[in-house]
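Convention: sequence-line order gives letters A, B, ...; per-chain numbering from 1.
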Amino acid sequence: MNWAGLYTVLSGVNRHSTSIGRIWLSVIFIFRIMVLVVAAESVWGDEKSAFTCNTQQPGCNSVCYDHFFPISHIRLWALQLILVTTPALLVAMHVAYQQHQEKKLLVLTGHADPKHLEEVKKHKMRISGSLWWTYVFSVVFRLLFEAVFMYIFYMLYPGYQMVRLVKCEAYPCPNTVDCFISRPTEKTIFTVFMLVTSSICIILNMAELVYLVVRACARRGQHNSNPSSRKSSFYGHKLSSEYKQNEINQLLTEQDGSLKDMLRRNPGLHEKSDRCSAC
Amino acid sequence: MDWGALHTILGGVNKHSTSIGKIWLTVLFIFRIMILVVAAERVWGDEQDDFVCNTLQPGCKNVCYDHFFPISHIRLWALQLIFVSTPALLVAMHVAYRRHEKKRQFRKGDQKCEYKDIEEIRRQRFRIEGSLWWTYTSSIFFRLVFEAVFMYAFYFMYDGFRMPRLMKCSAWPCPNTVDCFVSRPTEKTVFTIFMIAVSSICILLNVAELCYLLTKFFLRRSKKAANGKQHPNHENKEETKQNEMNELISDSCQNTVIGFTT
């Protein structure tokens, strides 16, 4: 399981995202994960072996390195990217759950042929109702994780510039020794690059949040002014149309009377189905 | 055979798991295996090369390293992940056995077999009941046991979860007591705590799944006992079917009407 595996898992989510969400996912994979894997990892690859202190004292090197780099940039970025991309899986799980419900409905109404089942899998879910809330929460969590990691970065490595020389006096180093960092300029460039892409991702997430909220408010406004436009899920909509009603009527007459008998015997079932208000 | 292959094998089990089981599998692969592969292995990569002792005595460094790190964290985690994910294969084997039986029934032309073709048998998702329930529950139980055993082994071997910077070693052939320095101790502590935290989350998920299965089992049993006394079988099936349908419709179409006209 590596970055390619994560890509496989997340590309499925792409289909149910907004357009801004898709742009965000592309930025994450191309400008952050790919840059991390093909470039940044080689820059930081010799960070410890080429960290040299001006002393022969054994152990001074290790201790000074640990003092100045409690956790490497590369690992921080890897953790950040994993935590930032994972909330999208909440949406994937919710979509899978909704698809499962729709399939169950198809089976119960007797439309469980492969064509309809394939359609359930292929069609794009509308981001409305409980899915909207899940999506908004996932975007909020993404923002939160990005902000937390940027703050951690700032705390651990004040300023984002990598210096060439650090002075260290931790035991067992005798007095104060000069320690030299490998490739400081290249590291600074990549740190700034990752910071900029992180900020772009934060801006995209905020834009997506604003877009979702505005769309929800607009839809609500439309609801209130035009009740007949109420539609939610794909099959809910289809089932509410006259055509489907006719089909159900046909089913009722075709059945061996058991459904009709049940309705006659249990008038309460009428009320249950009329729980959905008129459209 | 690597982590990718394990992912392929266990992905098949996913279909027959409960929702909590699917979440557990996702947490396992993304927050444990993936972190191990992309981050932790690099941190521990130079653990022996950069383990430095304040002595020129040949052999002292090797002996001290071996004394303080009988088995590396990375290897322990790899073993833990393999042991913890393997009980799911019991479920996979049971499902494969059931499928095999159904295929045999289908080929014999058994009247009771309700499948139209072999493909349907292959695609079908089995409900977790009967003997499959017992297999599934035992697999969760074993997972819990393995997680707990490895967490204990970790704690026992490394005396708490913190990695110290300096260790004092006096094993032969080191002269007297020498100072030995561990490489990247802070980073190692951070990752150890992270892996322990995720391991605890997995334990909680397993406990939750166990409770869920037990609750479902007892509910089903009491429903069967209650139904057996009240209604004849076929009428009840129709009623529950209609109730399910109504619920699904009202869930999926919040503001649409389904009216039954007679």
Pick from [options]: which one has the most heavy-atom pairs with chain A under 4.5 Å?
options                   : result
B:Val38, B:Leu36, B:Ile23 : B:Val38
B:Thr26, B:Val52, B:Asn54 : B:Asn54
B:Thr189, B:Ile30, B:Leu6 : B:Ile30

Any heavy-atom pair between the side chains of [Y] and [X] that's under 4.5 Å?
X        : Y        : result
B:Thr186 : A:Phe69  : no
A:Pro172 : B:Phe181 : yes
B:Arg165 : A:His67  : yes
B:Val43  : A:Arg75  : yes
B:Leu166 : A:Tyr171 : yes

### Query
Does any heavy atom of chain B fall under 4.5 Å from the side chain of A:Leu89, the backbone, both, or neither of them?
side chain
### Task
Just do the side-chain hydrogen bond (donor to acceptor under 3.5 Å, both in side chains) check on A:Tyr65 and B:Asp50 with the steps written out, would you?
CA-CA 11 Å; A:Tyr65 176 82; B:Asp50 279 0; over 6 Å; no
### Heavy atoms of other groups near B:Phe83 CZ, more than 12 under 6.0 Å
no
### Query
More than 12 foreign heavy atoms under 6.0 Å from CZ of B:Phe68: is that the case here?
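Yes - once you tally the heavy atoms of other residues, nucleotides and ligands closer than 6.0 Å, there are more than 12.
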### Task
Would you mind checking which part of B:Asp49 comes under 4.5 Å of any heavy atom in chain A, side chain (CB onward), backbone (N, CA, C, O), both or neither?
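Contact with chain A involves no heavy atom of B:Asp49 at all.
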### Query
Is it the side chain or the backbone of B:Phe191 that comes within 4.5 Å of chain A heavy atoms, both, or neither?
side chain
#### Entry: Salt-bridge contact B:Arg42-A:Glu47 (side-chain N to carboxylate O under 4.0 Å)
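Judged by the 4.0 Å cut-off on N to carboxylate O distance, B:Arg42 and A:Glu47 do not form a salt bridge.
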### Message
With chain B as the partner, which of A:Ala96, A:Gly59, A:Ser62 has the greatest number of non-hydrogen pairs under 4.5 Å?
### Response
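The option with the most such pairs is A:Gly59.
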### Message
Quick check for you: among A:Gly5, A:Ala170, A:Pro70, which has the greatest number of heavy-atom pairs under 4.5 Å with chain B?
### Response
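Option with the greatest count: A:Pro70.
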With rounding to the nearest 0.5 angstrom, report the [atom1] to [atom2] distance, [X] to [Y].
X       : Y       : atom1 : atom2 : result
B:Ile35 : A:Leu79 : CD1   : CG    : 4.5 Å
A:Thr8  : B:His7  : OG1   : NE2   : 8.0 Å
B:Met34 : A:Asn2  : CE    : CG    : 7.0 Å

### Over all atoms of both residues, closest heavy-atom pair of B:Glu187 and A:Ser72
OE2-N, 3.0 Å
